[in-house]
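Both counts, for ligands and for their atoms, begin at 1 and track the order of listing. Just so you know, these numbers use all the heavy atoms, side chains as well, and skip hydrogens, waters and symmetry mates.
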Amino acid sequence: RNCILIGAPMDSGKRSKGCLMGPDAYRTAGLPQALRDLGHEVSDRGNVAPAPFTARPHPKLVELEATIAWTQSLADAAEAAMQEGLPIFMGGDHALSLGSVLGVMRHARQAARPLFVLWLDAHSDFHTPETSNSGNLHGTPLGYVTGRKGFDGFPEIGTPLPQENVAIIGLRSVDAAERAALQDSAITHVDMREIDESGIARPLQAFLDRVAAANGLLHVSLDVDFLDPAVAPAVGTTVPGGATVREGHLVMEMLHDSGLMTSLDLVELNPFLDERGKTATLMVDLAASALGRRVFDRPNRAY
Ligand code: DIR
Ligand code: MN
Ligand code: MN
Ligand code: MN
């Protein structure tokens with residue numbers, strides 16, 4: 001595959017800072033070489049910058065104009081990269097997905113293919129600027145791309161992403177307003193209990209089967225806090241009880257086997273909070289699994 005690395009040192013999606021160091025942490029942890037070692041063509045396009053903007057204080061929303069400006073430039077970068085290969089967005093906080101998913105939606109429309117989104121996250125990120133309690137826009141990208149109201153000043157999304165085409169896996173911190181909206185929605189929402197009870201492979205495979213049946217494009221958005229904080233401490237919004245290293249790898253290995261993933265976000269890594277590169281290294285290893293790293297090919301054993 002032609003992997004296009006796009007640095008998105010975006011830090012405007014929440015109050016606490018440090019995600020702007022993410023792209024360089026991924027480079028330092030060896031993401032480009034890890035993908036080359038798997039036989040992929042890799043081009044690191046450097047970092048994207050936000051479109052020009054003027055910051056104005058907002059009574060509730062954190063860095064609204066900066067986030068709009070990043071959404072504009074990242075949507076353009078995503079749309080362009082989709083013509084050439086598989087973009088990997090090295091965040092940056094999760095507000096970068098307002099732009100990456102928008103750009104991928106534009107591409108999917110031109111290609112006349114349905115788009116599906118897999119959201120691996122402790123949080124549902126289904127707020128609107130109005131329902132958000134925190135004012136942190138990293139909690140809103142799924143609200144935006146599915147066409148919820150209240151995103152004044154953001155680029156027009158055109159036809160929204162159908163709720164049926166979204167699956168969130170790893171949930172364990174959902175605000176009341178999001179919960180009510182999600183319950184009423186057609187979004188597939190898999191919480192940690194469901195993972196405990198059924199294993200992570202079953203709900204994931206069911207979703208991948210739907211993507212394949214529809215000949216869809218698949219955007220994957222991996223939030224560091226999908227993982228348990230014991231193994232991935234470098235994130236501002238840790239929630240205990242997250243995915244294990246093996247659950248993370250299994251998801252990524254299944255994504256690779258499916259051949260369906262067409263774009264990937266790596267978000268919310270805050271290297272300022274990391275323990276000697278532990279989280280950055282795990283995220284690189286997970287990305288490598290999604291792009292074909294494995295211990296063995298699957299043996300077809302009849303036990
Ligand atoms: C919380 C936390 N739901 C909020 N959200 C996220 O601020 O809206 N944390 N995405 O990672
Ligand atoms: Mn998130
Ligand atoms: Mn999260
Ligand atoms: Mn429901």
Report all N/O contacts between ligand 1 and the protein shorter than 3.5 Å as a table of atom names and distances to 0.1 Å; if there are none, say 'none'.
unit_1: ligand 1; atom_1: 3 (N); unit_2: Asp175; atom_2: OD2; d: 2.9
unit_1: ligand 1; atom_1: 7 (O); unit_2: Ser134; atom_2: OG; d: 2.6
unit_1: ligand 1; atom_1: 9 (N); unit_2: His123; atom_2: ND1; d: 3.3
unit_1: ligand 1; atom_1: 10 (N); unit_2: Asp125; atom_2: OD1; d: 2.6
unit_1: ligand 1; atom_1: 11 (O); unit_2: His123; atom_2: ND1; d: 3.1
unit_1: ligand 1; atom_1: 11 (O); unit_2: Asp225; atom_2: OD2; d: 3.2
unit_1: ligand 1; atom_1: 11 (O); unit_2: Thr237; atom_2: OG1; d: 3.0

Do we get Arg148 above Phe126's six-membered ring, with its NZ or CZ under 6.0 Å from the centre and within 45° of the axis?
yes

Taking NZ, NE, NH1 and NH2 as the nitrogens, is one of them in Arg56 or Glu65 under 4.0 Å from a carboxylate oxygen of the other?
yes

If Ile, Leu, Val, Met, Phe, Trp and Tyr residues are connected whenever their side-chain heavy atoms lie under 4.5 Å apart, and connections chain through other members, are Ile169 and Met261 in the same group?
yes

Please name the residue in the list Glu268, His127, His123 that meets the side-chain hydrogen bond (donor to acceptor under 3.5 Å, both in side chains) test with His138.
Glu268

Electrostatic pair Arg172-Asp191, nearest N-O below 4.0 angstrom
no

Pairwise distance CG(Leu20) to CG(Asp93) - rounded to 0.5 angstrom:
10.0 Å

If you measure from CE on Met90 to SG on Cys19, what distance do you get to the nearest 0.5 Å?
14.0 Å

Are Asp196 and Arg193 close enough for a salt bridge, meaning some N to O gap below 4.0 Å?
no

Everything protein-side that's N, O or S and under 2.8 Å from the Mn ion (ligand 2): list it, residue and atom.
His94 ND1, Asp121 OD2, Asp125 OD2, Asp223 OD2

Looking at Arg202 and Glu194, is any side-chain nitrogen of the basic one under 4.0 Å from a carboxylate oxygen of the acidic one?
no

